[in-house]
Amino acid sequence: MPDKSPAGSPDQISAAIEAMERIISRDPAGRNIAALVQPGHLAAAARTLSESERVLITAGFYVPAAQAGETDGPPGAKAIGAALAALGKEVAYVTDGLNAPYFREIGATPLHVYADSAAQDLLERLRPTHLVAVERLGRAADGCYYNMRGQDVSEYTEPVDELFLKAPALGITTVGVGDGGNEIGMGRCVEKIHQHVKLGAKIACVVPTDHLIVCGVSNWGAYGLAGAIGLLAGRDLLPSAEQARGEVEAIVALGGVDGVTTRSEPTVDGLPLEQSLALLAELRALI
Ligand code: MG
Ligand code: MG
């Protein structure tokens, strides 16, 4: 058999990606995301990224109350980047100075640190074919950036979403991964966020992406995307449990916090790390 695909026919692969989409769409944190989920977008995002050449990935959510970055986001960004790099894609990461140390700590490099008005320069230098955001705040209708509690955290948030606003005119395909309604990409379903998410009318991000992966925890959505990219390539491109655990623990060791509890402990969105690892195992079982 020359075919190295472990999942078999195109139909089987599509069914496996749909199963992955259902797994990552679980809502253990009770954020009422069911109505926001965009069926089919996981597969579409995985397919377009499989055909990408140069991918720029952003994440990083600063928690002012803890003066630290959170555990949800960078591990997911790294999972997607590692999957794409394994397929020979040119991958780079971008975040702001406050979150950069966590990226370096987990080996998410090469890393570009976004500073004021950097969008045009970055796009011209790197010429990405695709942009991906994982748990990265995007501006709300009033131009400010809000956390889930409705606090204005604009002061701590470089406007990385500017990249995504410039992308359509440059023919760049965009993918967003989010779990709360305030992340880059959620501009695709603003009305639903208003209706279903607590403080939705205030915090909803108005920046859309071509493909939007709504999930219970953003790292989970990113793992699902890495898993789906692997399915299409006939390979297991998911991070190992040791890697996934190690990355969350490394972020915490550097002072990073759980974005929900704001405590510096190896949990993600208030959920024990074991829950993320169990989900990763479920995704892997589909490959
Ligand atoms: Mg979130
Ligand atoms: Mg989250």
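In what follows, every heavy atom counts, from backbone to side chain, and hydrogens, waters and symmetry copies are set aside. Just follow the structure's listing: the first ligand is 1, and inside any ligand the first atom is 1.
- For the Mg ion (ligand 1), protein N, O or S atoms closer than 2.8 Å were enumerated as Glu135 OE1, Glu135 OE2, Asp179 OD1, Glu183 OE2, with waters left out.
- Taking 4.0 Å as the cut-off between side-chain N and carboxylate O, Arg127 and Glu90 do not count as a salt-bridged pair.
- Asp161 and Arg139 are joined by a salt bridge, as a carboxylate oxygen and a charged side-chain nitrogen come within less than 4.0 angstrom of each other.
- Ion pairing between Lys89 and Glu53 fails under the 4.0 Å rule for side-chain N and carboxylate O.
- Side chains of Asp258 and Thr71: no donor on one and acceptor on the other come within 3.5 Å.
- Under the side-chain contact (heavy atoms from CB on, under 4.5 Å) test applied with His130, the options Leu84, Leu56, Val175, Leu49 reduce to a single match, Leu49.
- Within a 6.0 Å radius of CD in Gln67, other residues, nucleotides and ligands contribute 12 heavy atoms or fewer.
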